[in-house]
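Start at 1 and go down the list; that is how both ligands and their atoms are numbered.
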Amino acid sequence: MNQDQLKKMVGEAARDEVLKLASGQVLGIGTGSTVNCFIDALAPYKAHFSGTVSSSNATTERLLKHGFKVLNPNDVNGLPAYVDGADEIDSLGNMIKGGGGALTREKIIASMAKQFICICDSSKQVSVLGAFALPVEIIPLAQGVVTRELEKFGGKVSLRLAKSAQEPFVTDNGGWILDVAGLSISNPLSMESQINQIAGVITVGLFAKERANILLVSNTAGVVRLIL
Ligand code: 5RP
């Protein structure tokens, strides 16, 4: 079974999970290739939800193409659940996210939700976060100062480049991303709060305060559901 099949399988499991929620509510939807499988699987059942809130322009485009209603988060009071992938997740539900660059909106929508349902394949499960470079979204003019502050954590900091590799990758919010490689994150909550306090940081892709509550994880034997 290849990784695409594992993503499809967990996307379908997430569809079954959210269809257990009472109908007529608004659902929070993340970003990435695993979430794309979830959106495609949920599309025939979109009437179960009164609408969605989306964590990126790419997700919004996909939702609209399927005929989902996409609401402005400012018009929504709360969400029963938010479904998203992860780049790494530990046994407590702490995650590194932002491989796709959508971390800021992902964290905002996650903070509105009662439950964070993380969907991934088992390659994303780790005992200690940090083998995946930690994304940090920044205000562009703060690149120099934030880089120097992040280097104090011991990792190697690099500016994420666009596909052309000629210019910086620009997020949906107009921010840039610094990727911090080589960390071993023993206390995700503390590191999240320390990095958040650096002037010029918009969002750090550590999700400890907004950690996952439910993990649906696929492997060649099927999908396992864990309550974290
Ligand atoms: C995007 C994210 C994604 O959830 C994360 O990168 C996982 O993506 P994929 O499902 O494509 O592996 O945080 O900002």
Can you tell me if Ser33 and Lys7 form a side-chain donor-acceptor pair at under 3.5 Å? yes
Tell me, yes or no, whether the heavy-atom count around Lys20 atom NZ, taken from other residues, nucleotides or ligands under 6.0 Å, exceeds 12. yes
Residues around ligand 1, heavy atom under 4.0 Å from any ligand atom, sorted by chain and number. Can you pull those? Thr31, Gly32, Ser33, Thr34, Asp84, Gly85, Ala86, Asp87, Lys97, Gly98, Gly99, Gly100, Gly101, Ala102, Glu106, Lys124
Is a side-chain donor or acceptor of Arg211 paired with a backbone partner of Ile89 at a separation under 3.5 angstrom? no
Can we say Lys97 and Asp84 salt-bridge, meaning some charged N sits less than 4.0 Å from an Asp/Glu carboxylate O? yes
Can you confirm whether the side chains of Thr104 and Glu137 place a donor and an acceptor under 3.5 Å from each other? yes
Residues Ser190 and Gln194: side-chain donor-acceptor under 3.5 angstrom: yes
